[in-house]
Amino acid sequence: MPMNINSKYNPAEVEKKWYDYWMQHRFFHSEPDEREPYTIVIPPPNVTGVLHMGHMLNNTIQDVLIRRKRMQGYNALWVPGTDHASIATEAKVVGKLKEEGIEKNQLTREEFLKHAWDWTHKHGGIILKQLRRLGASCDWERTKFTLDPDLYESVIKVFVDLYRKGKIYRGYRMVNWDPVAKTTVSDEEVIYTDEEGTLYYLRYPIVGSENEFIEIATTRPETILGDTAIAVSPLNEKYKHLIGKKAVVPIADREIPIIADDYVDPEFGTGALKITPAHDPNDKEIGDRHQLDLIDIFNEDGTLNQYGLHYEGMDRFDVRKAIVKELDEKNYLVKTEKHTHRIGRSERTKAIIEPRLSRQWFLKMKELAGPAIEAVRNGEIKLIPKKFENLYFHWMENVRDWNISRQLWWGHRIPAYYYGEGENDYVVAENLEEAVKLAREKTGNPSLTEKDLKQDEDVLDTWFSSWLWPITVFDGIRHPENPDFKYYYPTNDLVTAPEIIFFWVARMIIAGYEFAGDKPFSNVYFTGIVRDKLGRKMSKSLGNSPDPIEMIDQYGADAVRVGMLMTSPAGNDLPFDIELVYQGRNFANKIWNGFRLLKNMKIDENKAQPEYAAQAVKWFTNRFLQILSQVEDDFEKYRISEALKKIYSLVWDDYSSWYLEIIKPPYGEKIDRTTFEQSINILENILKLLHPFMPFITEEIWQNIKPRSENQAIIISSYPQTGEFDKNLISEFEHIKNIISNIRKIRKEKNIPNKEKLVLYMVENRKLNPELLSVLYKAANLSAIHYGNYEDAALSFRVDKNEYFIPIEKLVDPEEEKKKLQEELTYLEGFLHSVRKKLNNERFVQNAPPQVVEKERKKESDTLEKIKIITKRLEKL
RNA sequence: GGGCGAUUAGCUCAGUUGGUUCAGAGCGCCUGCCUUACAAGCAGGAAGUCACUGGUUCGAAUCCAGUAUCGCCCACCA
């Protein structure tokens with residue numbers, strides 16, 4: 001049926017229609033059955049986030065993988081969901097409340113959480129809606145949120161379990177303290193700049209020896225009041241005799257040990273380092289190694305506390321000035337030097353960050369990491385590309401204990417319950433009831449009640465719930481025997497960004513072995529970072545990121561998907577350019593017009609299939625299988641961009657430029673039924689190959705190219721199967737294409753209209769399948785093909801060892817023809833020379849594998865033959 | 001400073017265990033075409049000392065060493 005189809009593909013009309021159709025028919029939904037599962041869990045985006053270019057790339061890849069497997073007969077499941085993202089979400093809620101004039105600290109925990117939930121319900125899930133626009137075929141019926149009751153319960157259960165196994169402990173950790181905001185800030189929120197400061201050289205008297213001092217250098221003289229040791233390098237001869245002795249802290253008048261530690265650089269400053277474990281991260285580590293005391297000299301606002309002695313209550317920077325003066329007066333200050341060093345300032349308040357000790361919960365990582373390292377080492381889990389394995393091993397082998405507590409309210413509240421003020425006056429339990437029971441046992445006080453217990457105020461790090469994601473989305477912590485978990489776990493592929501290889505990927509692997517007894521996934525595909533043309537990371541704050549939804553509105557999801565994938569090999573950054581989306585859009589249009597051509601053809605039921613069409617069908621069928629096998633290989637190796645490029649070229653070059661042009665009936669004629677049906681078949685296969693990349697346009701065409709019954713859809717159709725193909729046929733067809741190109745070139749050079757028929761003479765040194773000549777007639781518009789040499793004036797060209805002539809009466813200039821032949825000859829002689837150079841090299845003939853030598857011999861003889869042909873031709877002219 | 005990776009056409013990248021005319025693709029650029037599917041198109045074309053230096057080898061874009069530049073991760077010095 002001819003119909004009126006616009007020559008421009010219009011994605012906006014099409015995309016919503018088919019997404020709704022897929023949803024209505026629950027094609028994305030999966031339930032365990034007898035098929036083999038193929039499972040991906042989404043890296044859960046922040047619940048209140050919006051879609052950015054990184055998500056686009058990431059989720060397009062996941063959708064390509066899942067759609068392909070679905071068509072290949074797997075029970076494919078892609079589990080979507082969101083992450084509560086404690087820090088990011090809490091910051092947003094705090095900011096929004098501030099705008100309304102409400103400070104967080106005016107609210108109770110319950111009041112604040114209500115605001116947070118309201119916010120989550122209002123903005124949460126926007127990103128999931130946006131993913132639908134991209135075409136993501138997630139099983140939305142299984143959408144999870146990391147704060148869902150079942151996930152919450154699982155996280156708490158895991159905490160308790162780890163605590164009972166002795167893997168969770170309380171300890172102190174340096175945090176970035178903002179004395180103006182009176183809060184901790186994350187590492188990411190600290191901005192470092194080089195600033196000019198002063199290095200103060202101070203001397204500490206040695207206990208027990210008259211007039212002997214040890215000299216140190218510091219940029220922060222006020223912190224001497226918190227000193228608990230002086231460290232020197234054990235290799236430093238200068239101080240060897242002092243190790244084990246004591247020194248006196250000036251002003252504070254405390255005695256502190258002189259210790260040896262490798263951390264100290266004997267070359268820097270004086271070679272001796274004052275140790276203030278409460279106020280410097282490195283000093284803290286040294287302090288831990290040597291069991292030094294901790295003296296915290298600061299209040300929350302950066303003024304000194306009682307350990308500041310007579311400076312109590314003064315600001316840290318005022319104290320610095322004052323104490324330098326006092327040290328100088330008392331003759332402890334040796335000298336000062338200008339010194340440039342990096343200073344960390346709070347992003348928000350610009351206040352200089354104060355390293356401050358704070359009590360936190362930690363998870364011991366060393367033992368847990370063992371099986372996770374082994375799994376990657378023995379290939380049970382593959383990282384793609386492989387280069388990330390080095391990074392993984394390096395981190396895992398030097399893994400530090402994980403600080404899992406955060407001073408926030410939005411998240412999973414730490415299930416520790418305190419019944420007293422003492423260091424160990426707490427119990428860890430899954431709920432309050434259980435906690436009471438445990439507390440009674442621990443204290444021996446049976447009258448203890450819920451009212452006597454106070455739950456820890458902190459919540460768990462967001463990653464402490466995400467690391468369980470592949471397990472908890474199937475409820476595998478609470479009910480490890482449930483059918484979903486048994487069927488879908490372990491999942492197959494994970495697609496994520498290399499930035500979170502430690503935060504998330506490594507920890508998921510650990511959790512998988514620890515809590516599920518098996519890996520969480522088999523392959524991890526790392527995408528790159530999406531950058532702009534200038535190489536900058538696309539980010540909201542830079543404003544250099546296009547709005548993905550606007551792009552989809554304008555160019556269609558298929559175009560955007562193709563644009564994202566066209567040039568993004570695993571692990572490589574993607575320099576995004578809108579040109580890529582244009583290319584995707586143009587490609588969609590190309591496919592669309594191929595469809596239009598077929599759709600508008602009129603069929604002659606009585607017409608027999610022309611030979612050229614039969615040959616074209618045969619060729620394309622083989623060519624398709626050839627490309628299909630290459631594409632399968634690419635997918636096997638996760639070379640997704642490569643697969644797309646091959647399909648792109650198959651569709652554009654082989655299918656559109658060659659196949660369709662050949663089978664297209666001459667103007668005004670109808671097409672025969674056989675060719676038409678075969679062409680539809682071919683198109684269907686092409687659409688299937690394309691569907692994972694371009695789900696919408698392929699569904700639209702597939703549904704319209706022939707009548708379909710309800711419940712049929714390309715999304716659930718079966719993917720083409722690889723098979724044997726005739727390489728020889730493909731190569732012969734290449735030869736024919738080559739002849740056609742040469743004839744087109746001649747037409748162009750000589751200004752011969754395409755409508756004018758030409759005669760071709762050919763000298764066949766390589767025999768061609770005569771049936772293929774029908775294609776030649778059709779595509780080159782020939783009136784006759786003669787075998788044999790053409791002796792008179794003619795234009796000639798050579799393909800392989802064959803020689804072809806196009807006789808043209810007037811327009812042939814023998815000189816021009818001679819020149820062309822001469823050029824060819826020169827090239828061939830040069831080539832022959834290089835081949836012979838190899839063959840004359842005895843060592844080559846002896847050492848190279850026989851096939852290689854054989855190939856060179858063949859090259860030699862072929863070239864000689866070609867040279868002979870040209871020489872003969874030249875003689876005649 | 002430590003570790004990892006990269007460097008191939010104007011741009012973005014392939015080049016799969018050294019061996020086909022191996023120097024490729026897409027985009028861009030140049031030329032000619034509004035040819036009855038598609039100008040978001042068609043037909044042609046130009047363009048690279050494979051970062052540099054040396055080595056291994058019969059043979060190197062491919063393997064090794066060094067140098068330069070860039071990127072990423074970690075530690076960033078009292």
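Every heavy atom of this structure was used, including side-chain atoms; hydrogens, water molecules and symmetry mates were not. Order of the sequence lines sets the chain letters (A, B, ...), proteins ahead of strands, with each chain counted from 1.
Taking each heavy atom of A:K801 and A:E865 in turn, the nearest pair found is CD-OE1, 3.5 Å.
Under the 4.0 Å criterion applied to side-chain N and carboxylate O atoms, A:E222 and A:R320 are assigned as salt-bridge partners.
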Which atom pairs, donor and acceptor, lie under 3.5 Å between side-chain atoms of residues 392-400 of chain A and protein residues at least two apart or in another chain?
{"unit_1": "A:Y392", "atom_1": "OH", "unit_2": "A:A372", "atom_2": "O", "d": "2.9"}
{"unit_1": "A:E397", "atom_1": "OE2", "unit_2": "A:R377", "atom_2": "NH2", "d": "2.6"}
{"unit_1": "A:N398", "atom_1": "ND2", "unit_2": "A:H394", "atom_2": "O", "d": "2.7"}

Side-chain donor/acceptor pairs under 3.5 Å, residues 577-588 of chain A, sequence neighbours excluded:
{"unit_1": "A:D577", "atom_1": "OD1", "unit_2": "A:E579", "atom_2": "N", "d": "3.0"}
{"unit_1": "A:Q583", "atom_1": "NE2", "unit_2": "A:Y648", "atom_2": "OH", "d": "3.3"}

Which parts of nucleotides 42-48 of chain B does protein reach within less than 4.0 Å, heavy atoms only, written one letter per nucleotide 5' to 3' as B for base, S for sugar-phosphate only and - for none? SBSS---
Dump every N/O contact between nucleotides 75-78 of chain B and the protein below 3.5 Å, one line per pair.
{"unit_1": "B:C76", "atom_1": "OP1", "unit_2": "A:N282", "atom_2": "OD1", "d": "3.3"}
{"unit_1": "B:A78", "atom_1": "OP2", "unit_2": "A:H339", "atom_2": "NE2", "d": "3.4"}
{"unit_1": "B:A78", "atom_1": "O3'", "unit_2": "A:T219", "atom_2": "N", "d": "3.3"}
{"unit_1": "B:A78", "atom_1": "O3'", "unit_2": "A:T219", "atom_2": "OG1", "d": "3.3"}
{"unit_1": "B:A78", "atom_1": "O2'", "unit_2": "A:A217", "atom_2": "O", "d": "3.4"}
{"unit_1": "B:A78", "atom_1": "N6", "unit_2": "A:D265", "atom_2": "O", "d": "2.5"}
{"unit_1": "B:A78", "atom_1": "N6", "unit_2": "A:F268", "atom_2": "O", "d": "2.8"}
{"unit_1": "B:A78", "atom_1": "N1", "unit_2": "A:D265", "atom_2": "N", "d": "3.3"}

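With sequence neighbours left out, the side-chain hydrogen bond (donor to acceptor under 3.5 Å, both in side chains) criterion links A:E669 to A:K607. Judged as a side-chain hydrogen bond (donor to acceptor under 3.5 Å, both in side chains), and not counting sequence neighbours, the contacts of A:D633 are A:K637. Legend: residues meeting salt bridge (Lys or Arg N to Asp or Glu O under 4.0 Å) with A:R747, ordered by chain and number and at least two apart, are absent. Applying the side-chain hydrogen bond (donor to acceptor under 3.5 Å, both in side chains) rule to A:E285 yields no partners; only residues at least two apart in sequence or on another chain are considered. For A:K737, the side chain to side chain contact (heavy atoms under 4.5 Å, CB included) criterion is met by A:W619, A:D654, A:W658, A:F733, A:E734, not counting sequence neighbours. Applying the side-chain hydrogen bond (donor to acceptor under 3.5 Å, both in side chains) rule to A:E842 yields no partners; only residues at least two apart in sequence or on another chain are considered. Shown here are the side chain to side chain contact (heavy atoms under 4.5 Å, CB included) partners of A:L242, two or more places apart in sequence or in another chain: A:I206, A:E212, A:I214, A:Y239, A:K245, A:I258.
With B:C13, B:A40, B:G26 as the candidates, the nucleotide lying closest to the side chain of A:Y648 is B:G26. The nucleotide whose nearest atom lies closest to any side-chain atom of A:R596 is, among B:C38, B:A40, B:U35, B:C38. Distances from the side chain of A:P575 to the nucleotides B:C13, B:C27, B:U16 place B:C13 closest. Of the candidates B:C13, B:A37, B:G19, the closest approach to any side-chain atom of A:F844 belongs to B:G19.
Taking the P atom of each, B:C13 and B:A23 are spaced 24 Å apart, rounded to whole Å. Spacing between B:U16 and B:G10 at atom C1', rounded to whole Å, works out to 28 Å.
Heavy atoms of A:K664 sit under 4.0 angstrom from at least one base atom. Here A:I224 lies out of heavy-atom contact (under 4.0 Å) with every strand.
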Determine which bases of RNA chain B form Watson-Crick or G-U wobble pairs with both distances under 3.5 Å, and write the result as a 5' to 3' dot-bracket string with | for other-strand partners. (((((((..((((.....[....)))).(((((.......))))).....(((((..]....))))))))))))....
